> 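Before anything else, here's the structure in question.
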Amino acid sequence: MYYHTFIFDLDGTLLDTLQDLACSVNYSLRRHGMPEHSLDDIRRFVGNGVRRLMERAVPDGADNPLFDSAFATFQAHYMQHALDTTRPYDGIPEMLQQLKEEGCKAAVVSNKMMAATQALVAHFFPEIEVAIGEHEAEGIHKKPAPDTVYEALRQLGAEREGAVYVGDSDVDLQTARNAGLPCISVLWGFRDRDFLLHHGATTLIERPQQLLEVGKRPSTRDMDTFC
């Protein structure tokens, strides 16, 4: 393969987590007497970490005097219910297994809470040994900063040369740019084709198996769409 190291986003890329996130958000909002949101609302809110998700969901965001309590309620509920409906997208386990068989390295970097990120990856993808969520270490900032990508490469013992970032959002595109990596954007996640193109996507795939096709040749840096 041309790419031998794959850095994956988690929500909307490997796992469909939207329903469980929405349930935990709305549970917290109900508990605090706040209006709930539709699934499409939650889809638009995700991508910048769970605190930002709740800032978008709670009226007046972090300025709301009940925000900290609502955020804590969300966190506790989500840690208990993160596996209720969450599942890998079709074809993801098979694709990851093939990458492993071809000797490729893989890691997950997410803006999700560290504990939730590691628990979900361990449960669904035990072949992925490096999983990094929102990092508590001083000086390591969440995406779109490149810090967690660099930390994943360090833990993998891999260089940026031959590495590629795989994600479903504008945050992922910016993260890849900041880390100096090419980006493959997936079309089965939380953002659609037009949105990704507007934010600079150059390589898009519609099915996980197509990641293997892209990985076997260098990007042209022009528009590549695998349908």
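Since this is a predicted model, take the numbers as computed values, not measurements.
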> Are the side chain of N26 and the backbone of H37 linked by a donor-acceptor contact shorter than 3.5 Å?
yes
> So which heavy atom on K142 is nearest to which on G49, and how close?
NZ-CA, 4.4 Å
> Mind running side-chain contact (heavy atoms from CB on, under 4.5 Å) on L53 and N48 for me, showing each step along the way?
CA-CA 7 Å; L53 166 62; N48 296 90; over 6 Å; no
> Is a side-chain donor or acceptor of S28 paired with a backbone partner of A70 at a separation under 3.5 angstrom?
yes
> How far does CG of L14 sit from CG of L96, to the nearest 0.5 angstrom?
6.0 Å
> With a 3.5 Å distance limit and no angle check, can you tell me whether N64 reaches the backbone of P59 through a side-chain donor-acceptor pair?
yes
> Distance only, no hydrogens: is a donor on one side chain within 3.5 Å (strictly under) of an acceptor on the other, for Q210 and E206?
no
> Which value, rounded to the nearest 0.5 Å, describes the distance between S169 atom OG and D11 atom CG?
10.0 Å
> Just verifying a value: how many Å separate E161 CD and L181 CG, rounded to the nearest 0.5 Å?
10.0 Å
> Contact between C183 and T203 at the side-chain level, heavy atoms closer than 4.5 Å - yes or no?
no
> Decide yes or no on side chain to side chain donor-acceptor pair (under 3.5 Å) for E101 and Q97, but give the supporting numbers first.
CA-CA 6 Å; E101 291 173 357; Q97 181 59 35; 3.3 Å; yes
> Taking atom types as modelled, find out whether S24 and H81 have a side-chain donor-acceptor pair closer than 3.5 angstrom.
no
> Between K112 and E134, is there a side-chain N and carboxylate O pair less than 4.0 Å apart?
no
> Side chains of V109 and L10: does their closest heavy-atom pair fall under 4.5 Å?
no
> So which atom in G133 and which in M114 form the shortest heavy-atom distance, rounded to 0.1 Å?
N-SD, 3.2 Å
> Work out which heavy atom in T5 is nearest to a heavy atom in A158; give both atom names and the distance.
OG1-CB, 3.6 Å
> I'd like to know if E159 pairs up with R154 as an ion pair, taking the criterion as any Lys NZ or Arg NE/NH1/NH2 lying under 4.0 Å from an Asp or Glu carboxylate oxygen.
no
> Is the shortest heavy-atom distance from the side chain of T86 to the side chain of F124 under 4.5 Å?
yes
> If Ile, Leu, Val, Met, Phe, Trp and Tyr residues are connected whenever their side-chain heavy atoms lie under 4.5 Å apart, and connections chain through other members, are F8 and Y150 in the same group?
no
> In Å and rounded to the nearest 0.5 Å, what is the OG1 to CG distance from T17 to D84?
12.5 Å
> F71 versus D68: any side-chain heavy-atom pair under 4.5 Å?
no
> With clusters defined by side-chain heavy atoms of hydrophobic residues (ILVMFWY) lying less than 4.5 Å apart, directly or transitively, does V171 cluster with I7?
no
> Would you check if the side chain of D170 reaches a backbone N or O of H199 as a donor-acceptor pair within less than 3.5 Å?
no
> Taking the side chain as every heavy atom from C-beta outward, state whether T13 and V166 have any atom pair closer than 4.5 Å.
yes
> Got a second to check how far D20's CG is from L120's CG, nearest 0.5 Å?
8.5 Å
> A quick test of your reading: do over 12 heavy atoms of other residues, nucleotides or ligands sit less than 6.0 Å from CD of E94?
yes
> Less than 4.0 Å between a side-chain N and a carboxylate O, is that true for D41 and R56?
no
> Within a strict 4.5 Å, meaning less than it, do heavy atoms of the W188 and I205 side chains meet?
yes
> Is a side-chain N or O of K105 found less than 3.5 angstrom from the main chain of G157, in a donor-acceptor match?
yes
> How far apart are the C-alpha atoms of R44 and F190, what are their side-chain angles, what is the distance that settles it, and do they pass the side-chain contact (heavy atoms from CB on, under 4.5 Å) test?
CA-CA 8 Å; R44 291 192 295 271; F190 298 162; over 6 Å; no
> Ignoring hydrogens and geometry beyond distance, is a side-chain donor-acceptor pair present between Y165 and D172 at under 3.5 Å?
yes
> Under the side-chain contact (heavy atoms from CB on, under 4.5 Å) criterion, do V58 and L66 qualify, and how do the steps go?
CA-CA 9 Å; V58 170; L66 295 178; over 6 Å; no
> Which word best sums up how the rings of Y3 and F6 line up, parallel for under 30°, tilted for 30 to 60°, or perpendicular for over 60°?
perpendicular
> Give the intermediate values and the outcome of side-chain contact (heavy atoms from CB on, under 4.5 Å) for residues R43 and R191.
CA-CA 8 Å; R43 185 189 304 275; R191 302 290 186 265; 4.3 Å; yes
> For the hydrophobic clusters of this structure (ILVMFWY residues joined by side-chain heavy atoms under 4.5 Å, transitively), does one cluster hold both Y27 and V50?
no
> Checking N111 side chain against K143 main chain: does a donor-acceptor pair fall under 3.5 Å?
yes
> Examine distances only and state if a side-chain atom of D9 and a backbone atom of G167 form a donor-acceptor pair shorter than 3.5 Å.
no
> Under 3.5 Å, is there a donor-acceptor pair linking the side chains of Q155 and E151?
yes
> Closest approach of G12 and D168, non-hydrogen atoms and distance?
O-CB, 3.4 Å
> Please find the pair of heavy atoms, one from P144 and one from Q174, that lie closest to each other, and give the distance.
CB-CG, 3.7 Å
> Once you round to the nearest 0.5 Å, how far does CZ of R30 lie from OG1 of T73?
11.5 Å
> If you look at every heavy atom in P208 and I92, which pair is closest and at what distance?
CG-CD1, 3.7 Å
> Ignoring hydrogens and angles, tell me if any N or O in the side chain of D192 forms a donor-acceptor pair with the backbone of F195 under 3.5 Å.
yes
> Side chains of D40 and F45: does their closest heavy-atom pair fall under 4.5 Å?
no
> Just so I know, are the side chains of L15 and R87 near enough to count as touching, which here means a heavy-atom distance under 4.5 Å?
no
> Applying side chain to side chain contact (heavy atoms under 4.5 Å, CB included) between T117 and each of T148, V108, I132, report the one that passes.
V108
